[in-house]
Chemist: 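The structure that follows is given in the form of structure tokens.
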Amino acid sequence: MSYLLSLLSGILTGLSMPGNLFSFLVFFSLIFYLKNMADSKKTYERFLHTIIYSFSMLFTTFWWQIPVLTKNIPQVLNGYSSFIGFIGFIGMILLLVLPYLLIWLLSEMYHNRKYRKENYWSLVLFYSFAYTAAEGLKTIGDFAFTGGSLGYALYDHIGILQIASIFGYLGISFIIVFINSLIAFDKSRNWIIKIPIILSMIYVVNFSIERFLPMFNDENSFKVTAIQMNVPQNIKYNSNKWNSYMMFSDILKETQEFDTDLVILPESAFLEDIRDTDINLALKVNISSVNKPVIMGYPRMSLDKNYNTAWLYDSEGNISDYYDKVKLVPFAEFLPYKFIFDNFNAFNLIRYYETGKEYNVFDVSNTKIGTQICFETYFPEVSNELTKNGAQFLLSITNDGWFDNNTALKQHFSQIIFRAVENRKEFLQVSNTGLTGKVDKYGRITDLYKPHEEKMDNFEVFKNDDITIYIKIRNILKIILFILALLFAII
């Protein structure tokens, strides 16, 4: 029965994630798992509870990857069978489970101490730090991926989100585990009364903070035209370069009607490097006729190396700058740990890429734009480094055409909400099929296109040069988090 309760904890936690069910579930979803960890007497029991909880949580969070890996990618690329895609999904979940084993390892140190003195606050603080440290571990290595972290469930709790400007999304995760622990380790068993009381207090605080957040509106603004292409993947991956060019040339002509400082197209505008082709010459004519700078994405081929790149064209159609993607998608864009996974290359999307070397910031009309590509919004350090390098607002260009389900689109878009608050920068995402939209520096969604529609419109982005506390102490915070988790386990 206890294992079923850990399974229930995992499912409820997954259902609290963006796009699934109700975010408030996360405030009590961990209770059964935490209680089982504290009550278990044997090592293998705590191990199984951790595996069951983390696997079910991640499965419930990322269920939308099943049709992507079993239907969407195989149909477009003809790379592998649906069965292989499902095995790949299970393998992905198992790899994402690994950081959560840190909770189990630390719990063994905690519960097997020679002079054990477990009390209420000891348990509460230990598991709060242990769980949050496990989420911190998810940012390290070739399999790094922050998706499924507890804090992300509260993307729509604008008041509580403001904590992220100091402690990042992990600070919000810590608070969530702390609240769950307060209930789970209460021996009086009056949790039925505690849950509504605690939830009421949380939402009063959240509403109070949100209500008094100022509107960020001044003359220091920058106008951009965001284009959501809505090109299906089967057309994008099976059309030749000239067909793709014809679509973009027609759309660029339409932007002549907009009073804007910059035009932004999504990631993968072209699937090949077009710099030394007639297409680039034709594109130059189009951009110069529009007389506006353009940002778009297509690969950069350099000798025997390939990069996933965002390009900045000036108003005359010349390439003036570029940014190479630093955080690549494992297996899809690069092969991690080649000495182990050398033969696991079925899931790559056309080609593998090299890791970008620097966080380059674009300068358009004296406006510094921190541009990143797709998956990179899951990593705070990308936005942080771009901000350190002078970015006044943040931009992500992405494809997301693989995702038919709105849950996937919401989970991806929710990342820019956290990055906006952590950096106190407005964040604009421009996607092929959605979601395209803008978030202000307090994490409020101010503009949003509907998914799976072709649309272009102007966004007014407000520039900001501020540097948050979180940017200054992010690395120190992570070190302190691991140290405290270890100390609570052994002392």
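Hydrogens, waters and symmetry mates play no part in the numbers below; they use all other heavy atoms, side chains included. What you see is a predicted model; the values in this text were computed from it and never measured.
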Chemist: Does a side-chain heavy-atom distance below 4.5 Å link H49 with M37?
Modeler: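 A side-chain contact under 4.5 Å exists here.
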Chemist: Atom CG in L409, atom NE2 in H412: separation rounded to 0.5 Å?
Modeler: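 Rounded to the nearest 0.5 Å, the CG-NE2 separation comes to 9.5 Å.
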Chemist: Between K388 and E385, does any side-chain N to carboxylate O distance fall below 4.0 Å?
Modeler: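 Yes.
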Chemist: side-chain hydrogen bond (donor to acceptor under 3.5 Å, both in side chains), that's the test. Do N405 and W63 meet it? Break it down for me.
Modeler: CA-CA 10 Å; N405 194 283; W63 61 269; 5.9 Å; no
Chemist: For the residue pair F126 and Y110, does the interplanar ring angle fall in the parallel (under 30°), tilted (30 to 60°) or perpendicular (over 60°) class?
Modeler: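 Parallel.
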Chemist: How far does NZ of K71 sit from CD1 of I66, to the nearest 0.5 angstrom?
Modeler: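 Atom-to-atom, K71:NZ and I66:CD1 are 12.5 Å apart.
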Chemist: Does R474 come within less than 4.0 Å of E422, counting only side-chain N to carboxylate O?
Modeler: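 No, this pair does not count.
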Chemist: Would you check, one step at a time, whether the test side-chain hydrogen bond (donor to acceptor under 3.5 Å, both in side chains) holds for K138 with Y100?
Modeler: CA-CA 9 Å; K138 292 165 63 175; Y100 292 92; 2.9 Å; yes
Chemist: Charged N to carboxylate O under 4.0 angstrom, E376 versus K325?
Modeler: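 Salt bridge flag = no for K325 with E376.
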Chemist: Side chains of H452 and N406, heavy atoms from C-beta outward: is any pair under 4.5 Å?
Modeler: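 Result yes, sub-4.5 Å side-chain heavy-atom pair found.
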Chemist: If the threshold is 4.0 Å, N to carboxylate O, is there a salt bridge linking D324 and R300?
Modeler: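 Salt bridge: yes.
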Chemist: What distance do Y127 atom OH and S122 atom OG have between them, rounded to the nearest 0.5 Å?
Modeler: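 It comes to 10.0 Å.
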Chemist: Give me the ring orientation class for F143 and F331: parallel if the planes are under 30° apart, tilted from 30 to 60°, perpendicular past 60°.
Modeler: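 Geometry flag for F331 against F143: parallel rings.
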Chemist: Should E381 and N475 be marked as a side-chain hydrogen bond (donor to acceptor under 3.5 Å, both in side chains) after you check the CA-CA gap, both sets of side-chain angles, and the distance that decides it?
Modeler: CA-CA 9 Å; E381 59 264 37; N475 292 325; over 6 Å; no
Chemist: Would you indicate whether the side-chain heavy atoms of L328 and F375 approach each other to under 4.5 Å?
Modeler: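 The answer is no; the side chains never approach within 4.5 Å.
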Chemist: Just checking K42: does its NZ atom have more than 12 heavy atoms from other residues, nucleotides or ligands closer to it than 6.0 angstrom?
Modeler: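 It does not: K42 NZ has 12 such atoms or fewer within range.
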Chemist: Should the pair Y33 and Y131 be assigned to parallel (<30°), tilted (30 to 60°) or perpendicular (>60°) ring geometry?
Modeler: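 Y33 and Y131: perpendicular rings.
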Chemist: Take atom OH in Y322; do more than 12 heavy atoms of anything else shown fall under 6.0 Å from it?
Modeler: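 For Y322, atom OH is not crowded (no more than 12 foreign heavy atoms under 6.0 Å).
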